[in-house]
Amino acid sequence: MSINLQDWIQEADLVSMQKAMSSGECTSEALVLAYIERIHRYNPLINAVLEINPDALEIARNLDLERNTTGSRGPLHGIPILLKDNIDTYDRMHTSAGSIALAESFAPEDAFVAAKLRAAGAVLLGKANMTEWSNFMSNRMPAGYSSRGGYVLNPYGPGKLFVSGSSSGSAAAVAANLTAAAIGTETAGSIIGPASQHFLVGIKPTVGLASRSGIIPISISQDTPGPISKTVTDAAILLGAIVGIDENDKATWTSTHRTFHDYTTYLDRDFLCKTRIGIPRHYYRSLDEERLSIMESAINVLREQGATVIDPVDLHLEQHPWNNDVICYEFKTGLNRYLSKLNSDLPVHSLQDLIAYNQKHAASALKFGQDNLIRSEQNALNETTYQLKRQEYNHPAVTQGIDYVLDQHGLDALMLPGDVDGMYIAARLGYPLITVPAGYSAKGTIDADGDSTQGPFGVVFSGRALSEPTLISIAYSFEQATLIRRQPEMG
């Protein structure tokens, strides 16, 4: 071995890892072992990894043998990837959505995206901690907490800095170099928020680009899996591996002939000079002075790279609220369907069972209550009223939202701050987002929820449905013009 793996993996990207394995400088087995050692050493500080795949080393050895006999499967061959704990795997890892009620749950088969990763040669390294039930359990639950896993902490300031949405464990693990990359899921901000707060790249794909089959759901109209990584290149590689048509997820049927299995062809360093980007100032108003300065610097980068910046633009939609009736109906329907298929030995097989289980085990299960679970169980919508409410919910977003403002100004994308506020319109429409590191807030403030705004901060590029190629090009061009990411000091 000619490289010191413990030092090298701290900033190595997927392309470098693949080259090192192809040249014989390292093996997948050595990579997996190095990450397992880091998890044992550093995970107690940040609580990002729930469990390590007990078969990871054997899988890596088999992939090394395959590389030496029949060749590589592609850019993910032998690469260790962590999955959020709401993504099913058929192996000896649990899938619990962070809940102690499902702490002993083994899925009968892989989620579609897990199967795609296995087929691409990735090593499923383990499961990442997450906000329990993707933060749809209680309005009082802090980001990053689960009854099964406890609190995820941000490696840039454990216990001090915000971890953001429910894929917090996936993001914290990537930032701390406990995995090469990770897959998270998002309903509204749960990939983009954590990636932004951990100096990472995150892609929330268009709903239907990647299947949700085998993923514990919140919203059939908004849920999607997506990559979290250290670079835009890595995120593009992962995105290409997980997209595809799934007969069990109707949303993917509309993506036929509109997906790409190699998004790295859109990594254009000079792309910004070809773009028109809008600045929706409404979403900049709540930023503190330092984060606003980061955003103003990012706008200057766009101009310096030749982009045409339209500042400001108005979405005419800022005051339309999230519709809890629609989401609660979708959550109850989807969760009941998922739980009903679990092993009969488990204690819960419906949302009603889950609520009762939590009440019976309140000391450990109800640290922050379960008001959203109860509200969803009591939701009185039927299919007809749900469809009407969903149409009412989406109509303003369709007529006054992203497409409207892009068409009005001839824009390629919008640039938003890397907090959650500006992500809800894209979430409602199922539209894509990508975040890239933009700056570090050294002072920060404390908001009404007690969360510090100090720490890493990203910009978010938003576009119309299936505009991932354009957004990846913009994000890569911005990333290469700034290269601002730095790793946390883990000691």
What residues form a side-chain hydrogen bond (donor to acceptor under 3.5 Å, both in side chains) with Ser221, not counting sequence neighbours?
Ser219, Glu330

Above 12 or not: heavy atoms from other molecules or residues under 6.0 Å from CD of Glu37?
yes

Taking Glu51 for the side chain and His94 for the main chain, is one N or O donor matched with an acceptor at less than 3.5 Å?
yes

What pairs with Glu383 under side-chain contact (heavy atoms from CB on, under 4.5 Å), at least two apart in sequence or on another chain?
Tyr329, Tyr386, Gln387

Counterpart residues, salt bridge (Lys or Arg N to Asp or Glu O under 4.0 Å), relative to Arg61 (two or more places apart)
Glu29

Begin from the C-alpha positions of Ser138 and Lys367 and carry the test side-chain hydrogen bond (donor to acceptor under 3.5 Å, both in side chains) through to its verdict.
CA-CA 10 Å; Ser138 167; Lys367 185 177 179 69; over 6 Å; no

Look only at the side chain of Ser99 and the backbone of Ser96, and say whether a donor-acceptor pair between them is shorter than 3.5 Å.
no

Can a donor-acceptor pair be found between the side chains of Ser105 and Asn343 at a distance below 3.5 Å?
no

Judged by atom type as modelled, is there a donor-acceptor pair below 3.5 Å linking the side chain of Ser146 to the main-chain atoms of Gly149?
yes

Strictly by modelled atom types, are Asn358 and Gln370 linked by a side-chain donor-acceptor pair under 3.5 Å?
yes

Verdict with supporting geometry, Thr95 and Lys127, side-chain hydrogen bond (donor to acceptor under 3.5 Å, both in side chains):
CA-CA 8 Å; Thr95 305; Lys127 294 291 182 76; 2.9 Å; yes

Test item: Asn47 side-chain N/O and Asn129 main-chain N/O as donor-acceptor pair under 3.5 Å:
no

Are Ile59 and Arg118 packed together at the side-chain level, in the sense that at least one heavy-atom pair is separated by less than 4.5 angstrom?
yes

If you apply the rule side-chain contact (heavy atoms from CB on, under 4.5 Å), what do you find for Asp88 with Ile215, and how did you get there?
CA-CA 6 Å; Asp88 283 349; Ile215 298 176; over 6 Å; no

Is it the case that atom OH in Tyr90 sees more than 12 heavy atoms from other parts of the structure closer than 6.0 Å?
no

Quick check: do Leu125 and Ile39 have side-chain heavy atoms less than 4.5 Å from each other?
yes

Taking all non-hydrogen atoms of both residues, which atom of Ala465 and which atom of Pro432 are closest, and how far apart?
CA-CD, 4.0 Å

Between Phe457 and Tyr440, is the gap from one ring center to the other below 6.0 Å?
no

Heavy-atom closest pair, residues Ala180 and Ile79:
CB-CG2, 3.7 Å

Output yes when Asp234 and Lys230 qualify as a salt bridge under the 4.0 Å nitrogen-oxygen rule, no when they do not.
no

Would the distance check show the side chain of Asp85 and the main-chain N or O of Leu50 forming a donor-acceptor pair, the cut-off being under 3.5 Å?
no

Polar side-chain atom of Glu468 near backbone of Thr206 as donor-acceptor pair, under 3.5 Å
yes

Under 3.5 Å donor-acceptor, Asn43 side chain and Val49 backbone:
yes

Any non-hydrogen side-chain atom of Leu14 less than 4.5 Å from a side-chain atom of Leu76?
yes

Quick one: list whatever passes side-chain hydrogen bond (donor to acceptor under 3.5 Å, both in side chains) with Thr224, sequence neighbours left out.
none

Check the surroundings of atom CD in Gln391: do more than 12 heavy atoms from other residues, nucleotides or ligands lie under 6.0 Å from it?
no

Between Trp253 and Ile245, does the side-chain contact (heavy atoms from CB on, under 4.5 Å) criterion hold? Intermediate values first, please.
CA-CA 6 Å; Trp253 300 357; Ile245 309 304; 4.1 Å; yes

Distance from Asn139 atom CG to Phe368 atom CZ, nearest 0.5 Å?
13.0 Å

Side-chain contact, heavy-atom cut-off 4.5 Å: Val201 with Thr435?
no

The test is side-chain contact (heavy atoms from CB on, under 4.5 Å); show your working for Arg291 and Ser441 and say whether it passes.
CA-CA 6 Å; Arg291 291 191 300 167; Ser441 173; 4.2 Å; yes

Pair listing, salt bridge (charged side-chain N to carboxylate O under 4.0 Å, His left out) test, anchored in residues 208-223, at least two apart:
Arg212-Asp249

Checking side-chain polar atoms at under 3.5 Å, does Asp403 have a donor or acceptor matched by the opposite partner on Tyr431?
yes

Could you give the distance from CG (Leu63) to CG (Leu31), rounded to the nearest 0.5 Å?
11.5 Å

Under a 3.5 Å cutoff, is there a donor and acceptor pairing between the side chains of Ser166 and Lys84?
yes

ring-ring contact (aromatic ring centres under 6.0 Å, His included) assessment of His198 paired with Tyr156:
CA-CA 7 Å; His198 289 83; Tyr156 288 90; 7.0 Å; no

Qualifying residues under salt bridge (Lys or Arg N to Asp or Glu O under 4.0 Å), relative to Asp246, sequence neighbours excluded
none

Using side-chain contact (heavy atoms from CB on, under 4.5 Å), reason through Leu117 and Leu83 one step at a time and then give a plain yes or no.
CA-CA 10 Å; Leu117 289 168; Leu83 300 179; 3.8 Å; yes

Testing Asn372, Asn379, Asn324, Leu373 for side-chain contact (heavy atoms from CB on, under 4.5 Å) with Phe331, which one passes?
Leu373

CD1 on Ile52 to NE2 on His40, rounded to 0.5 Å:
4.0 Å

Rounded distance (nearest 0.5 Å) linking atom CD1 of Ile402 with atom OG of Ser462:
3.5 Å

Point-to-point distance, once rounded to the nearest 0.5 Å, from OH of Tyr424 to CZ of Arg428:
11.5 Å

From Ile183 CD1 over to Ile228 CD1, what is the distance, rounded to the nearest 0.5 angstrom?
8.0 Å

Check: Ile100 main-chain N/O paired with Ser147 side-chain donor or acceptor under 3.5 Å
yes

Tightest non-hydrogen contact, residues Ala182 and Leu238, listed as O-CD1, 4.0 Å

